[in-house]
Amino acid sequence: MKALRIHGMRDVRVDTVDDPTIQDERDAIIRVTSTAICGSDLHIYNGSIPQPRPMTLGHEFMGIVEEVGKGVSNLKRGDRVVVPFPIACGHCLFCNHELPGHCENSNPEHYGPEGGLLTEKGGALFGYTDLYGGYDGGQAEYARVPYADFGPRKVPDNLTDEQVLFLTDIFPTGYSGIDWANVKGGEIVAIFGSGPVGIMAAKSAWLRGASRVIIVDTQQYRLDLAKKAANAEGILWEDHQQVVDAIRSMSGGYGAHVCVEAVGFEPDRSLLDRAKAVVNLEKGSDKVLLACMSAVRRGGFVSVLGVYSSPFDNFPIHQFFDKGIIMQGGQAPAHKHIDKLLQHVANGDVRLDDIISHRLPLSQAPHGYDIFRHKKDNCTKVVLTPGA
């Protein structure tokens, strides 16, 4: 089959590889009909999260069941399914507490309680390096899905792939940032990052009754999309203080009830920012997280959806303490939310496919990575079609 594999920093290729096979009685083989490039994939593409051997990328995919192991009774050949991005067993301590990203069984070689830089990581993720299980992802014609009796959800026939594809990751992830903050109605929500996850967080904030949704980005075209797709008020990032002042002025001087960090450790950076990182032996920057901590009101909530893979010097613990900030982050518990979010889509409460900017065959996936990384051609989200 054809599969998009990482071979080194910014070196991805569509290779011919062996078809996946059933390796465990709880496995399923999926013929992938749609898959997407995620901002998290760029961390591997850029070499910021290392992957020493070739691996098929992609954790946002769906398709048709081709084969199931003898332990899978809820799926059969021909079923159309969408697949949550964490790989979770469904019965360990953490799975039982709706924390599939911390599954004890899916990442046996690198799992542990510490959560270190290169050791004792969390549960497995599709196509997300050997540190997170070493499972090939879904940017391919076929994919092996472990624990298929727990993860994949059947999709109604009346919904298209593009209507439900983002239930794999970015919609549950955006929703988690709002759910963690326990948004009940009337809150002002400020989202940093107008990429796919940020826009999904904005859509989720409206679903949960927010009174005002503000979104921040360095690119005007992304703010324009957020306005069109999620009715969010945009702030064009110029510098930290300008953004913080704007959010405070839009919230009676207090700051937002909730700030959602949807950028991560690789934001747009100046030469000075990059030099600081080199001096401090840091990877990337925490500038967006720091802005969230300033822009949130006292006693407010900061949700961290962007990936952070290394420590940072001078983290403002004093500010966290003085303002009484509540903070939560990590991999979204996609399994926890996917069923109710699928129902929202089916009911017409929310639309997901309006963020897609590019549709490409799998053969053009390297081009998709390039334009997504460099924000060329107003790229916001790339959907790939295997076999096209």
Test applied, side-chain contact (heavy atoms from CB on, under 4.5 Å); reference residue, Phe61; option that passes from Asp169, Val81, Val145, Thr33: Val145
Main-chain N/O of Leu93 paired to His97 side chain as donor or acceptor, under 3.5 Å: yes
Lys/Arg N to Asp/Glu carboxylate O, Asp179 vs Arg208, below 4.0 Å: yes
Flag side-chain contact, heavy atom, 4.5 Å: Asn378 against Ser357: no
Side chain to side chain donor-acceptor pair (under 3.5 Å) partner of Lys2, the single match among Asp15, Thr56, Thr16: Thr16
ILVMFWY cluster membership beyond Met9 - transitive side-chain contacts under 4.5 angstrom: none
Stepwise side-chain contact (heavy atoms from CB on, under 4.5 Å) test for Glu60 and Lys381: CA-CA 12 Å; Glu60 296 181 318; Lys381 190 66 174 178; 2.7 Å; yes
Plane angle bin for Tyr308 and Phe265 - parallel if under 30°, tilted between 30 and 60°, otherwise perpendicular: tilted
Phe315 CZ: over 12 foreign heavy atoms closer than 6.0 Å: yes
Check: Gln51 side chain, Asp130 main-chain N or O, donor-acceptor pair, under 3.5 Å: yes
Under 3.5 Å: donor-acceptor pair, side chain of Arg26, backbone of Tyr147: no
Name of the residue among Asn74, Val82, Asp79, Leu342 meeting side-chain contact (heavy atoms from CB on, under 4.5 Å) with Lys154: Asp79
Expected output: side-chain Tyr135 to main-chain Tyr128 donor-acceptor under 3.5 Å: no
Atom CG of Asp157 with >12 non-hydrogen neighbours under 6.0 angstrom: no
Heavy-atom side-chain contact between Val383 and Phe166 under 4.5 Å: yes
Lys/Arg-Asp/Glu bridge criterion (N-O < 4.0 Å) met for Asp161, Arg80: yes
side-chain contact (heavy atoms from CB on, under 4.5 Å) assessment of Ile30 paired with Val65: CA-CA 5 Å; Ile30 307 296; Val65 175; 3.8 Å; yes
Gap between atom OG1 of Thr35 and atom CZ of Phe126 - 0.5 Å precision: 11.0 Å
Salt-bridge present (Asp224, Lys227; N to O < 4.0 Å): no
Thr385 backbone acceptor or donor facing Ser34 side chain under 3.5 Å: no
Student check: side-chain heavy atoms of Asp41 and Phe372 closer than 4.5 Å: no
Side-chain H-bond candidate by donor/acceptor type, Ser194 with Gln219, under 3.5 Å: no
Arg144 and Thr21, any side-chain heavy atoms less than 4.5 Å apart: no
Polar contact flag, side-chain donor to acceptor under 3.5 angstrom, Gln343-Asp339: no
Note, His358 side chain near Cys379 side chain (heavy atom, < 4.5 Å): yes
Check: Asp245 main-chain N/O paired with Gln242 side-chain donor or acceptor under 3.5 Å: no
Leu99 side chain near Gln331 side chain, heavy-atom distance below 4.5 Å: no
Minimum-distance pair of heavy atoms, taken over all atoms of Cys89 and Cys92: SG-N, 3.4 Å
Test item: Lys323 side-chain N/O and Met293 main-chain N/O as donor-acceptor pair under 3.5 Å: yes
Interatomic distance, His337 atom NE2 to Lys340 atom NZ [nearest 0.5 angstrom]: 4.5 Å
Tyr369-Gln139 side chain donor-acceptor pair, cut-off 3.5 Å: yes
Residue from Asp353, Asp354, Asp349 passing side chain to side chain donor-acceptor pair (under 3.5 Å) with Arg351: Asp353
Check: Pro311 and Leu117 side chains under 4.5 Å, non-hydrogen atoms: yes
Over 12 foreign heavy atoms within 6.0 Å of NE2, His91: yes
Straight-line distance of Leu289 CG to Cys259 SG, nearest 0.5 Å: 10.0 Å
Carboxylate-amine/guanidinium proximity below 4.0 Å for Glu66 and Arg77: yes
Side chain to side chain, Pro20 and Met1, heavy atoms closer than 4.5 Å: yes
Plane angle bin for Phe150 and His335 - parallel if under 30°, tilted between 30 and 60°, otherwise perpendicular: parallel
Short side-chain to backbone donor-acceptor contact, Thr168 and Leu165, under 3.5 Å: yes
Side-chain donor or acceptor of Asn107 paired with backbone N/O of Ala124 under 3.5 Å: no
Over 12 non-hydrogen atoms of neighbours within 6.0 angstrom of NZ in Lys228: no
Donor-acceptor pair, side chain of Glu109 and main chain of Tyr111, under 3.5 angstrom: no
